[in-house]
Amino acid sequence: MNTNGNNPLRMRRKPEVLAPAGNLRGLKTAVDYGADAVYCGGKAFGMRSAPRNLSLEDFEEGARYAHERGSRVYVTLNVLPRNAEVEAMRDYIGQLKDTGIDAMIVTDIGVMMMAHRIAPDVELHVSTQAGVTNYGAAQALYEFGARRVVLAREMDLQAVRDIRARIPDDMDIECFVHGAMCMAFSGRCLFSNYLTGRDGNHGECAQPCRWKYSIVEEKRPGQYFPIEQTEEGAYLFNSQDMCMLDHIDDLIDSGATSLKIEGRSKSAYYIAAMTNAYKTAVNEYMVQRGFETADGDVIKPFRDRVIRPDDPDFALAADDSIEGNADKAFAGVPGEPPEEGDDATTETAAPATGAAAPAKTEDAAARSAGGAQLDRLSYKARSARRKSNTREEVLPEGWHHAKCRPAPHVALPGWLLDEPDKVAHRDYSTGFYYPEHKVTQNTNRSAYFRAWMVVGEVLSWSPERGGRVTIMSRNKIEPGQDVEFLLPGEAPLAYTVPGSGLEDADGVPVAAINNPAHVFSLPCPHEVPENAAIRSRTKKPTLKAE
């Protein structure tokens, strides 16, 4: 029976880290590694059909598991239903409402109103598929009963500020912070339908935008001419992945109340690593901004730094780099082309709010800003836009951007900034949040880059014999190998496999662990939690997903 009507978890104490899950194991992993909430799909009507997804019984167990640990569960119902699916959707909502879930994520306005009538005690969140780009749309959805809006991924940070300043404080703003990005507007695309018959708006996208294409001349059928990797590119629609870890302060300061990690088709290891990274980053933010102590005790209530139009400080606040670069993504402001020889990969993706221009750095987001080559391509594209689409036209007289109170950049520890590079990923970018460094495409490959691999999972740890860990093997482990145990809420535990003491399930000594999916044990004096992933750097980086 759903008892969410007066759910105490509804009170927002701090920014929410929202993790993905494609099955019950993924849900529990996300919760174990600190997720404040988990979003997942059922067996029907979700925008990811590749994962196994969850049954009604899974939702009941998952919601119970999450609530016992202070987390929440959201279910995706964000497809664009066809006429023949409306009644089935109605029945499914009726079944979901009694599983204990906390929210339904919807796109279609008809589904939203249906869910509001059938399950009034379950929150309604409006999916990014709805393409919400302004405060008017968010306010209207709030009046229809939505308590959260997932903003379109095309928004810059100033747009997030402007929406936050002009909607009710009790309406959540959810923003993507990490993972794959779609080349289509808010994910709405017919490319897959056209080429493969697989409906991207029903979770069956074949991702033809990431395929490698060749040219065939009509009078020479069968002769394929490759699209060479040149300054103009090759993989024409293959978007970079997003990574906002080192810019989490800008996003939270701008009014984002939920930080969404993409990846319901990803492994439990990916879920654990990225959930842990972003949860730790939010904890650092809360401490450095003075909201909490290092032990998590509340010092003052959390509140973003956006200055609302009715705030007495609104007219006094100074402009900053985010406001200065606002609207460039859509307003036809070409700017100046980068000079030949510029290396954008060694600069930060954006300066911290209210801070001076930062020195050159090597964070994960900056390394993938695209480089001077792609910046020059971006400049050419912007310069070719219709010149009448000017900034003055999109910013009429009387409009005022919301301001943001300045604050020092939240400095994250080095080990944390390294975490995004320890999961399989494409080149990273900061999406569209910073128009001066917005997402581009990978023109030379579409595969994932993997420099680390999971070599085992912890089954148990015992203090006997000086400490031993029993594991389920995934890949080879041998004496002298450097590994890391992924620990929730803290830096990974680095450990060198000892020269002796490796044993199989029967306690028989072995020279190395080289049989996947078998139980082994090895000496480990440090206590490690059950289900912790064990990872190791690959001998040679590969192009392969988890």
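The basis for the numbers below is simple: all heavy atoms, side chains too, and nothing from hydrogens, waters or symmetry mates.
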Worksheet item: Does atom CZ of Arg25 have more than 12 heavy-atom neighbours from other groups under 6.0 Å away?
Response: no

Worksheet entry | Distance-only polar pair, side chains of Asp170 and Tyr142, donor-acceptor under 3.5 Å | yes

Item to complete: Answer yes or no: is there an ion pair linking Glu292 with Lys300, defined by an N-O contact shorter than 4.0 Å?
Response: no

Worksheet item: Can you check whether Tyr135 reaches Arg164 side chain to side chain, under 4.5 Å on heavy atoms?
Response: no

Worksheet item: Under the criterion side-chain contact (heavy atoms from CB on, under 4.5 Å), which of Leu259, Thr257, Asp304 is the partner of Ile252?
Response: Leu259

Worksheet item: Would you call the rings of Tyr495 and His526 parallel, tilted or perpendicular, where under 30° means parallel and over 60° means perpendicular?
Response: perpendicular

Fill in: Beyond-backbone contact of Arg153 with Phe432, side-chain heavy atoms, under 4.5 angstrom
no

Worksheet item: Do Ile173 and Ile167 have side chains that get closer than 4.5 Å, going by heavy atoms?
Response: yes

Practice prompt. Would you check if Val75 and Phe59 make a side-chain contact, meaning some heavy-atom pair closer than 4.5 Å?
Written response: yes

Worksheet item: What residue among Arg148, Lys260, Arg72 forms side chain to side chain donor-acceptor pair (under 3.5 Å) with Glu16?
Response: Arg148

Worksheet item: Is Asp311 paired with Lys403 through a side-chain N to carboxylate O contact shorter than 4.0 Å?
Response: no

Worksheet entry | Distance under 6.0 Å and angle within 45° of ring axis: Arg535 vs Tyr269 | no

Response to the item:
Tightest non-hydrogen contact, residues Leu245 and Ala281, listed as CD1-CB, 3.8 Å

Discussion item. Less than 4.0 angstrom from a charged side-chain N to a carboxylate O is my criterion; do Asp169 and Arg303 meet it?
Written reply: yes

Worksheet item: Is a side-chain donor-acceptor pair under 3.5 Å present for Asn78 with Gln129?
Response: no

Discussion item. Apply side-chain contact (heavy atoms from CB on, under 4.5 Å) to residues Tyr278 and Val177 and explain how you reach the verdict.
Written reply: CA-CA 9 Å; Tyr278 281 91; Val177 292; 3.8 Å; yes

Practice prompt. Ignoring hydrogens and angles, state whether a donor on the side chain of His67 or Asp102 is under 3.5 Å from an acceptor on the partner side chain.
Written response: yes

Worksheet item: Where is the tightest heavy-atom contact between Leu486 and Tyr33, given as atom of each residue plus distance?
Response: O-OH, 2.9 Å

Worksheet entry | Min side-chain heavy-atom separation Met286-Val410 under 4.5 Å | no

Practice prompt. Step by step, work out the side-chain contact (heavy atoms from CB on, under 4.5 Å) result for Asp241 and Phe449.
Written response: CA-CA 11 Å; Asp241 284 359; Phe449 179 82; over 6 Å; no

Worksheet item: Are His401 and Asp162 linked by a side-chain donor-acceptor pair shorter than 3.5 Å?
Response: yes

Worksheet item: Within 45° of the axis and under 6.0 Å from the centre of the six-membered ring of Phe291, does NZ or CZ of Lys14 qualify?
Response: no

Discussion item. Does any part of the side chain of Glu484, heavy atoms only, come nearer than 4.5 Å to the side chain of Ile534, both counted from C-beta?
Written reply: no

Worksheet item: Under 4.5 Å between any side-chain heavy atoms of Thr275 and Ile261, yes or no?
Response: yes

Discussion item. If I take atom CG from residue Asn283 and atom CD from residue Gln288, how far apart are they, to the nearest 0.5 angstrom?
Written reply: 11.0 Å

Response to the item:
With Asp253 as partner, the option from Arg405, Arg289, Arg161 fulfilling salt bridge (charged side-chain N to carboxylate O under 4.0 Å, His left out) is Arg289

Fill in: Separation of Leu251 CG from His247 NE2 (nearest 0.5 Å)
11.0 Å

Fill in: Note, Arg147 side chain near Asp172 side chain (heavy atom, < 4.5 Å)
no

